[in-house]
Visitor: 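One structure, as structure tokens, below. Some questions next.
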Amino acid sequence: MSSFVSLKDIRIVYMGTPEISASVLSFLLKGGLNVVAVISNEDKPKGRKGILEPTPVKAVATSFGIPVFQPHRIKEDYGFLSSIDFDAILTMAYGQIVPEGLLRLAKYGCYNLHGSLLPKYRGAAPMQRSIIDLESKTGVTLMEMVKAMDAGKMYAKKEIPLDESIDYSSLSELVAKASAELVFENLLDVINGTNKGEEQREEEVTFAAKITPEEEHLNIHLDVDHLLGYIRGLSLTPGGYFYLEGKKFKVFKAKKTSAETLGGLGEILPSKKELLLQCNGGVICLETVQWEGKKMMDARSFLNGAPWIKGKTLQ
RNA sequence: CGCGGGGUGGAGUAGUCCGGUAGCUCACCAGGCCCAUAACCUGGAGGUCGCAAGUUCAAAUCUUGCCCCCGCAA
């Protein structure tokens with residue numbers, strides 16, 4: 001076992017790719033964590049013009065002057081790590097399975113930040129699923145990386161209460177902040193062996209499957225509360241949608257206004273200033289929407305330009 | 001050359017095909033009504049119609065080039 005005096009003495013290799021992982025890295029670096037190298041997925045062509053853009057994590061690392069490695073297949077290509085002097089690996093949403101051989105390269109272990117209260121919601125989309133399932137709370141877990149996905153020992157957790165004001169985007173921010181806190185408060189103890197961790201109880205394991213393209217098409221038949229769960233769980237990216245006049249009509253934000261049935265299922269109810277949608281078991285007020293080809297806008301603006309929507313039915 | 005939609009007062013849109021007074025719903029300002037109001041009525045200010053060039057007596061509208069935004073696909 002080691003005996004680091006300060007967290008800053010530990011030389012860390014950070015692995016991650018998307019926005020949320022970049023936020024975590026940013027918090028960690030601002031807090032003084034000693035990150036000696038960053039591994040991120042390959043840059044991919046983005047946007048309509050297919051321009052190659054750096055991954056969010058790469059962008060942050062670069063701005064801090066930290067070397068970035070982007071192996072095509074980490075499984076076959078992690079030899080570059082032998083040229084780096086480091087102590088431990090920390091990952092958050094890297095995007096590829098980390099091979100066992102690489103796990104063994106870290107003298108003081110490999111650690112992962114997972115966006116749920118393990119053992120619940122192992123897998124790809126824990127934050128979205130927690131919201132979609134209408135959980136009352138979720139959180140972040142600092143854990144040991146092992147061969148099996150999200151199955152290692154748990155060292156520390158932070159709980160985050162969920163309510164109807166939290167969507168995927170706002171939860172991501174909370175998770176990023178909590179993740180960084182977990183690292184600052186616990187990683188030293190974990191690596192020094194003071195914090196032994198706790199095995200996950202297999203009988204409590206649940207999985208958070210990736211969001212499928214089909215799920216992004218909101219199901220108007222769902223009962224109103226679960227429908228709102230989907231809207232929040234998918235917002236702001238990728239955004240759940242209905243079809244209106246054959247084109248996608250995304251709904252980013254909505255709230256329940258009554259439990260009545262005032263029109264046909266999926267009908268936009270007549271209202272001067274609000275975009276009211278009849279759902280199964282109640283009426284919801286759409287607050288932020290986007291019609292295919294248009295910009296995201298508040299419902300009031302949309303209504304100003306498209307009053308004809310009243311009486312139409314969303315599918 | 002991946003497919004498609006779009007850029008019009010502060011916001012959202014109509015008008016573009018078929019050239020000729022820039023309309024609508026809001027926001028804003030003033031006045032009115034009202035116990036009162038985010039409601040209602042009246043009046044008002046605010047626009048180089050993305051940029052540039054071309055055609056024309058005349059261009060938001062037609063032609064060409066460019067910039068930017070958005071949905072999809074990757």
Side-chain angles (χ1 to χ4, degrees), chain A residues 16-22 40-59 68 70-75 93-97 124-125 128 132 165 167-170 172 209-220 227 230-258 260 262-263 266-278 283-315:
Chain A
T17 299
E19 201 60 54
I20 184 168
S21 188
S40 191
N41 244 334
E42 287 183 298
D43 296 341
K44 286 180 186 168
K46 283 219 161 185
R48 286 163 281 279
K49 297 184 176 173
I51 298 168
L52 224 56
E53 282 187 13
T55 68
V57 164
K58 180 187 185 180
V68 178
Q70 299 176 279
H72 174 62
R73 286 262 150 256
I74 189 85
K75 191 177 175 186
Y94 169 55
Q96 292 188 44
I97 303 286
Q128 295 95 320
I132 289 170
S165 72
D167 65 15
Y168 174 46
S169 291
S170 56
S172 293
K210 202 160 64 175
I211 303 292
T212 64
E214 294 75 46
E215 286 177 295
E216 293 169 25
H217 181 182
L218 300 169
N219 182 355
I220 191 69
L227 180 65
Y230 263 101
I231 289 172
R232 289 199 304 274
L234 296 173
S235 179
L236 266 38
T237 50
Y241 62 87
F242 291 108
Y243 277 106
L244 167 64
E245 301 286 285
K247 291 198 275 190
K248 286 185 178 180
F249 184 75
K250 291 191 176 186
V251 178
F252 296 102
K253 197 168 174 229
K255 68 179 178 196
K256 193 171 170 182
T257 59
S258 89
E260 299 171 89
L262 305 170
E267 183 180 343
I268 297 295
L269 304 172
S271 164
K272 225 162 212 170
K273 299 191 165 181
E274 293 181 310
L275 203 42
L276 300 176
L277 173 65
Q278 179 65 58
V283 174
I284 64 176
C285 172
L286 308 183
E287 299 176 294
T288 306
V289 300
Q290 182 177 28
W291 168 234
E292 189 171 323
K294 298 294 186 181
K295 289 179 184 171
M296 181 188 298
M297 65 183 81
D298 59 276
R300 188 68 181 280
S301 291
F302 183 81
L303 217 41
N304 279 336
W308 49 264
I309 193 179
K310 290 169 212 164
K312 298 282 183 187
T313 297
L314 301 187
Q315 296 173 329

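Fair warning: this is a prediction, and the values are worked out from it, not measured in the lab. Naming convention: chains lettered A, B, ... in sequence-line order (proteins, then strands); numbering from 1 in each chain.
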Visitor: Starting at atom CG of D43(A), determine the distance to atom C1' of rA74(B), rounded to an integer number of angstrom.
Guide: 15 Å
Visitor: Paired with rA14(B) by Watson-Crick or G-U wobble geometry, both distances under 3.5 Å: which nucleotide is it?
Guide: none
Visitor: In this structure, are over 12 heavy atoms from other groups packed under 6.0 Å from I97(A) atom CD1?
Guide: no
Visitor: Whole Å only: how far is the CG atom of D298(A) from the C1' atom of rU13(B)?
Guide: 14 Å
Visitor: Distance check needed: rC72(B) P versus H217(A) NE2, whole Å only.
Guide: 13 Å
Visitor: As a test of reading the structure: which of rA27(B), rG71(B), rG6(B) is closest to the side chain of K250(A), going by heavy atoms?
Guide: rG71(B)
Visitor: Could you pick out which residue, P307(A) or M296(A), lies toward the 5' side of RNA chain B when each is mapped onto its nearest nucleotide?
Guide: P307(A)
Visitor: Is there a Watson-Crick or G-U wobble partner for rG19(B) with both distances under 3.5 Å, and if so, which one is it?
Guide: none
Visitor: In whole angstrom, what separates K294(A)'s NZ from rG5(B)'s C1'?
Guide: 8 Å
Visitor: From rA27(B), rG12(B), rC72(B), pick the nucleotide closest to the side chain of M297(A)?
Guide: rG12(B)
Visitor: Using whole Å, what does the distance between atom P of nucleotide rG71(B) and atom CZ of F242(A) come to?
Guide: 18 Å
Visitor: From NZ of K295(A) over to P of rG10(B), roughly how many Å is that when rounded to an integer?
Guide: 13 Å
Visitor: Rounding to an integer number of Å, can you tell me how far W308(A) CH2 sits from rG12(B) P?
Guide: 16 Å
Visitor: By nearest heavy atom, map S301(A) and W291(A) onto RNA chain B; which one lands nearer the 5' end?
Guide: S301(A)
Visitor: Is there a Watson-Crick or G-U wobble partner for rG4(B) with both distances under 3.5 Å, and which nucleotide is it?
Guide: rC70(B)
Visitor: Paired with rC40(B): which nucleotide, if any, by Watson-Crick or G-U wobble criteria at under 3.5 Å for both distances?
Guide: rG32(B)
Visitor: Can you tell me how far CD1 of I268(A) sits from CG of L277(A), rounded to the nearest 0.5 angstrom?
Guide: 5.0 Å
Visitor: For residues S170(A) and D167(A), is any side-chain donor paired with an opposing acceptor at under 3.5 Å?
Guide: yes
Visitor: Which one is paired to rA60(B), where only Watson-Crick or G-U wobble pairs with both distances under 3.5 angstrom count?
Guide: none
Visitor: Please report the distance, rounded to the nearest Å, between CZ in F252(A) and P in rG71(B).
Guide: 7 Å
Visitor: Nearest of rA27(B), rG12(B), rC72(B) to any side-chain atom of K273(A)?
Guide: rA27(B)
Visitor: Which is it for Q96(A) and K75(A) under the side chain to side chain contact (heavy atoms under 4.5 Å, CB included) test, yes or no, and what are the steps along the way?
Guide: CA-CA 8 Å; Q96(A) 292 188 44; K75(A) 191 177 175 186; 5.8 Å; no
Visitor: Taking atom NZ of K253(A) as the centre, does the number of heavy atoms from other residues, nucleotides or ligands within less than 6.0 Å exceed 12?
Guide: no
Visitor: Strictly by Watson-Crick or wobble contacts shorter than 3.5 Å, is anything paired with rU48(B), and which nucleotide is it?
Guide: none
